[in-house]
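This report concerns only the one structure given below.
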Number of protein chains: 4
Amino acid sequence: MAVRTARNKKKTQEYDSTWLEDPKTLGLVTAQVEDPELVKSRRAQIITSAVKVFSEKGYYASTIKEIAREADVSPGLIYQYVSDKEQVLFLALQLIVFTLKKGLPEAFHRESNPVMKYYACFDAYCRVVDVHRDASMLTYRETHSLTREHKGFIKGMELETNEIIAAAVREAIREGYFKNINVELFVYHTIMTAHSWALKHWRLSQVTNLEDYIKTNARFLLASALTPKGMEAAVDILGPETE
Amino acid sequence: MAVRTARNKKKTQEYDSTWLEDPKTLGLVTAQVEDPELVKSRRAQIITSAVKVFSEKGYYASTIKEIAREADVSPGLIYQYVSDKEQVLFLALQLIVFTLKKGLPEAFHRESNPVMKYYACFDAYCRVVDVHRDASMLTYRETHSLTREHKGFIKGMELETNEIIAAAVREAIREGYFKNINVELFVYHTIMTAHSWALKHWRLSQVTNLEDYIKTNARFLLASALTPKGMEAAVDILGPETE
Amino acid sequence: MAVRTARNKKKTQEYDSTWLEDPKTLGLVTAQVEDPELVKSRRAQIITSAVKVFSEKGYYASTIKEIAREADVSPGLIYQYVSDKEQVLFLALQLIVFTLKKGLPEAFHRESNPVMKYYACFDAYCRVVDVHRDASMLTYRETHSLTREHKGFIKGMELETNEIIAAAVREAIREGYFKNINVELFVYHTIMTAHSWALKHWRLSQVTNLEDYIKTNARFLLASALTPKGMEAAVDILGPETE
Amino acid sequence: MAVRTARNKKKTQEYDSTWLEDPKTLGLVTAQVEDPELVKSRRAQIITSAVKVFSEKGYYASTIKEIAREADVSPGLIYQYVSDKEQVLFLALQLIVFTLKKGLPEAFHRESNPVMKYYACFDAYCRVVDVHRDASMLTYRETHSLTREHKGFIKGMELETNEIIAAAVREAIREGYFKNINVELFVYHTIMTAHSWALKHWRLSQVTNLEDYIKTNARFLLASALTPKGMEAAVDILGPETE
DNA sequence: GATGAATGAGGGTTCATTCAT
DNA sequence: AATGAATGAACCCTCATTCAT
């Protein structure tokens, strides 16, 4: 199952490629090769390299040749698993959004208290964003290079991600921990706070570190939402009142 | 009052181009033409078109010829006022960041109460972002295409913008309206909330409108920061407790 | 036996391209294609066409597209074997200088008497110059368009050529056939006489022909150099005293 | 009458521009400006700069703008005195060939003995070539960029130059100083020897200097041509027999 | 007569994509 | 299935030339 790894990769963040079996994706991206297992593993190999190359230089500045070289494969091979460069981007963005989402269900179910669920999701999300900082930015930089249809597909995946956090928020509201806030706006507020760690990392990394960033912003976010009852439940997270 | 201008151009020019006189910019971008007035007006013309074209198609997908056509000049003319395409992007991003910043001082000085200063800045910032939605996104999408030096320059301008809001926050803390929060993190939280209106407009515009977005998020932000004393001062903004 | 080939190409290839294997050249001109045999044959194809096109219109007035057309390949292909237009010129000039030099060793070793060696070299050299008249002029016209490094390389090759004739001259002096003349100046005198057949062909061809040009100028040259002993040895060349 | 000289010229080899009045030239190069005096002085100004710029960078690599800058004049002005860039080259080459020729009549008439006439011409010619080394090479490099008609014109001027030396040679033959050699070939031999000082200066300057070059090559040339009677007459030039 | 801003055709070069092997 | 050489459309940029002032 091991995909032939290239000569000298630094550490190569490993990705989970199970999503490549998703029929929705398979319907949108067609291969010339028959064997589905091969398609899956080759695509995983190509896309992993694509994410790396795109992250470093952006979509347009990256060439198919570079991606092929990074994947230890010939340029021609890529076109047997994908019909053009745009599809490589499409798959790469899918991988990224999928990766960002993947950890959330686990965090959600790990906790029982809705406030803790929310916090665990935010925490988990910030950490994946941190690990895949350049990749996270890629969704902001290059989504516009997709076709309308593919753009819609990626946006849909993003909404699914939001939905997990939204579930925690709704639960917290229902159980009286959170005020009756606008759920979707609050979820975006939350998500964007996590993304900001990547988007403004050039500056934020000068004034804080990940742990502190998570903690401080979690306080900001929770302070906006918590009811007095919620405050009590969140005392472990927030620590003693800072003032 | 419609922001999006139609196909048929020739009216736009909704930007203030005084910053083009800034010697810092003039030092980084050189023209072949001597007359400073002409340089200024031609550059304004070119850059306005560039922002438009870049906003629609991104930097790489836009051609100099398109920008020239949009500006109603010949492609060759552009190269008399700029030495390459990267400089067009550099100037375009400067115009955008400058435009985003421009309204803040006015908002800041209009109000005397620090909480109101903060709110006025946030409100003003959201509104410029709204007017220049595509352009705002451009800074996220294309800053990476700049040379290291120009990237640094743009980031510096961004920090100057933040500093205005930071001043309001510090004043609010000093006078006991805001808790002793981490100023820079809170400012980024604020700024990013405004930017999110552009970055996630595809979705946010489906669930809310600008007025509501500003109000709701202002509440989120202030709830994170206000002391009890601050709450009283902000009662006009927040309205009666939403619960 | 006609040198000038007609409009309809596809036969030319009158050059020896073995020098393309020379590691010195390979170090200075890099290809994207791996297979060394292919690199050699494609370069031979490209350069032969380049020499032809450059000879007709000069370096600047020739376009890569024309060279490609002449070589029956696409413009893009050229850039797989050469990194820019200057390198095409560099290789073209190498081919020319190599071609001019190639016949000399054979002429040198064919004869045993040093005066005859000298004469055979001059004769051979004039004949190659004649066959490649336009190409010979190219070294005068376009060497200056090379980078400093490549210019030096070509000049070095030229000196190697001179050295062969110099060897004959030194031998003739040592054995008392030639007076004790300044070898390098005399060699240049000789070489330039051969080159002049190309450089001033527009006029010389009106007043003489190659055979006569060689014979007459050989007399001029030898008369400058020969000792009385040398005169006797050269009687076959010079014929009965012309007066 | 003084043409406005530019800011910081190093030394600016002065040229004689009287030839610009020549009706043959005036017929081939037309001006938009009426006043013949002005045409003459402006052209002198332009061409002097052109020779300089062309000499340094070659015809194609030089731009009209550069020539204009060098001449302290606007690009537009050039087109009032010349109809295109090719004509600038044409005039520049005329100036060069004219300059090379100019000193010969004086040298010719200074001496009475035909051998001395010949020597004086060769000596004078080598010295002008030395002073205008880059310009001399320009005739070899760029004549081919002229139209057929202009090329013929320049070649005609060259032949006129040769004719002066030919006159000396013929006289020497007639009076028994020179053997009955082929005059035109011998003149080319002579001329090319002088030109070689420019064409091969990169190497010759390493092995000799101008004085020595002239003396050594004069001996080579005269040795080819002199009769015994001529030898006596030339003893001052040749010095005691070098052997 | 002189200026220099403006034009736009044209060239070098890149790179997504194809296809023979 | 995989390779990688070959193609050629398209883009950035230069610069000879024009023309309004």
Side-chain angles (χ1 to χ4, degrees), chain A residues 31-35 38-39 42 60-69 72-88, chain B residues 31-35 38-39 42 60-69 72-86 88, chain C residues 31-35 38-39 42 60-69 72-88, chain D residues 4 31-35 38-39 42 60-69 72-88:
Chain A
Q32 309 234 53
V33 173
E34 307 280 301
D35 178 2
L38 185 55
V39 170
R42 282 299 198 190
Y60 279 102
S62 304
T63 68
I64 289 287
K65 231 176 180 161
E66 271 174 305
I67 295 168
R69 201 181 308 127
D72 234 350
V73 133
S74 68
L77 180 136
I78 292 179
Y79 285 87
Q80 303 222 310
Y81 295 92
V82 120
S83 63
D84 60 21
K85 194 185 173 191
E86 190 266 353
Q87 291 205 330
V88 177
Chain B
Q32 309 237 59
V33 172
E34 305 280 306
D35 179 4
L38 183 56
V39 170
R42 281 298 199 191
Y60 281 103
S62 305
T63 69
I64 288 286
K65 264 174 183 142
E66 271 173 304
I67 295 169
R69 201 179 311 126
D72 245 337
V73 296
S74 67
L77 178 138
I78 293 179
Y79 287 90
Q80 301 226 328
Y81 294 91
V82 123
S83 63
D84 57 24
K85 195 185 172 193
E86 192 265 353
V88 178
Chain C
Q32 308 237 58
V33 173
E34 303 281 304
D35 180 5
L38 184 56
V39 170
R42 282 298 199 191
Y60 280 103
S62 304
T63 71
I64 287 287
K65 268 171 184 147
E66 271 174 305
I67 295 169
R69 200 179 311 124
D72 245 337
V73 297
S74 66
L77 179 136
I78 292 179
Y79 287 89
Q80 301 226 330
Y81 295 91
V82 122
S83 64
D84 58 23
K85 194 185 173 191
E86 190 266 351
Q87 291 204 331
V88 178
Chain D
R4 179 149 58 106
Q32 311 231 55
V33 173
E34 307 280 302
D35 178 2
L38 184 55
V39 170
R42 281 300 198 191
Y60 280 102
S62 304
T63 68
I64 288 288
K65 233 177 178 160
E66 272 173 304
I67 294 168
R69 201 180 309 124
D72 236 350
V73 133
S74 69
L77 178 136
I78 291 179
Y79 285 87
Q80 304 221 309
Y81 295 92
V82 123
S83 64
D84 59 22
K85 196 186 173 191
E86 192 264 354
Q87 291 203 330
V88 178

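In what follows, every chain begins at residue 1, and chains take the letters A, B, ... in the order their sequences are listed.
- Both D:Asp35 and D:Lys65 sit near DNA chain E, but only D:Asp35 has its closest nucleotide nearer the 5' end.
- Listed candidates were E:dT7, F:dA10, E:dA2. Nearest to the side chain of B:Gln80 is E:dT7.
- For D:Tyr79, taking side-chain heavy atoms from C-beta onward, the closest of the listed nucleotides E:dT13, F:dT18, F:dG4 is F:dT18.
- Position along DNA chain F of the nearest nucleotide to D:Asp84 versus C:Ile78 favours C:Ile78 as the more 5'-ward residue.
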>> Pair B:Arg42, B:Leu77 - check side-chain contact (heavy atoms from CB on, under 4.5 Å), show working.
In response: CA-CA 9 Å; B:Arg42 281 298 199 191; B:Leu77 178 138; 3.8 Å; yes
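- When distances are taken from the side chain of D:Val33 to each of F:dA5, E:dA5, E:dG1, the shortest belongs to E:dG1.
- B:Asp84 and B:Tyr79 get closest at one heavy-atom pair: CA-CE2, 3.9 Å.
- Judged purely by distance below 3.5 Å, without hydrogens or angles, the side chains of B:Glu66 and B:Ser62 never pair a donor atom with an acceptor atom.
- Here the closest non-hydrogen pair linking A:Tyr60 and B:Ala61 is OH-CB, 3.6 Å.
- One interatomic measurement links the two molecules: CG of C:Leu38 to C1' of E:dT21, which rounds to 13 Å at whole-angstrom precision.
- Between the C1' atom of F:dA6 and the CD atom of C:Glu34 lies a distance of 16 Å, rounded to the nearest Å.
- Among the nucleotides E:dG8, E:dA6, F:dA10, the one closest to any side-chain atom of B:Arg42 is E:dA6.
- Note on D:Lys85: a side-chain N or O is less than 4.0 Å away from OP1 or OP2 of F:dA16.
- Atom pair C:Ile67:CD1 and F:dG8:P shows a separation of 18 Å (rounding to whole Å applied).
- Ranking F:dA2, E:dT7, E:dA2 by closeness to the D:Leu77 side chain, first place goes to E:dA2.
- Under the Watson-Crick or G-U wobble criterion, with both distances below 3.5 Å, E:dT3 is paired with F:dA20.
- The 5' end of DNA chain E is approached more closely, in terms of each residue's nearest nucleotide, by B:Gln32 than by the other of B:Gln32 and A:Ser62.
- For C:Thr63, the listed nucleotide lying nearest its side chain is E:dG11; candidates were E:dG11, F:dA1, F:dG4.
- Distances from the side chain of B:Val73 to the nucleotides E:dT17, E:dA2, E:dT7 place E:dT7 closest.
- When the side-chain nitrogen and oxygen atoms of C:Tyr81 are compared with OP1 and OP2 of F:dA6, one or more of them lie within a distance under 4.0 Å.
- As rounded to whole Å, 16 Å separates atom C1' of E:dG12 from atom OH of D:Tyr60.
- With E:dA16, F:dC13, F:dA2 as the choices, the nucleotide that has an atom nearest any side-chain atom of A:Ile64 turns out to be E:dA16.
- The line from OG of C:Ser74 to CD of C:Gln80 is 8.0 Å long, rounded to the nearest 0.5 Å.
- Of the side-chain N and O atoms in D:Ser74, none sit less than 4.0 angstrom from OP1 or OP2 of E:dG4.
- Nearest heavy-atom pair, C:Ile78 versus C:Ile64, reported as atom, atom and distance to 0.1 Å: CD1-O, 3.8 Å.
- Base pairing of E:dT14 is made with F:dA9, judged by Watson-Crick or G-U wobble geometry with both donor-acceptor distances under 3.5 Å.
- Which of F:dG4, F:dA6, E:dT13 sits closest to the side chain of A:Pro75 comes down to F:dG4.
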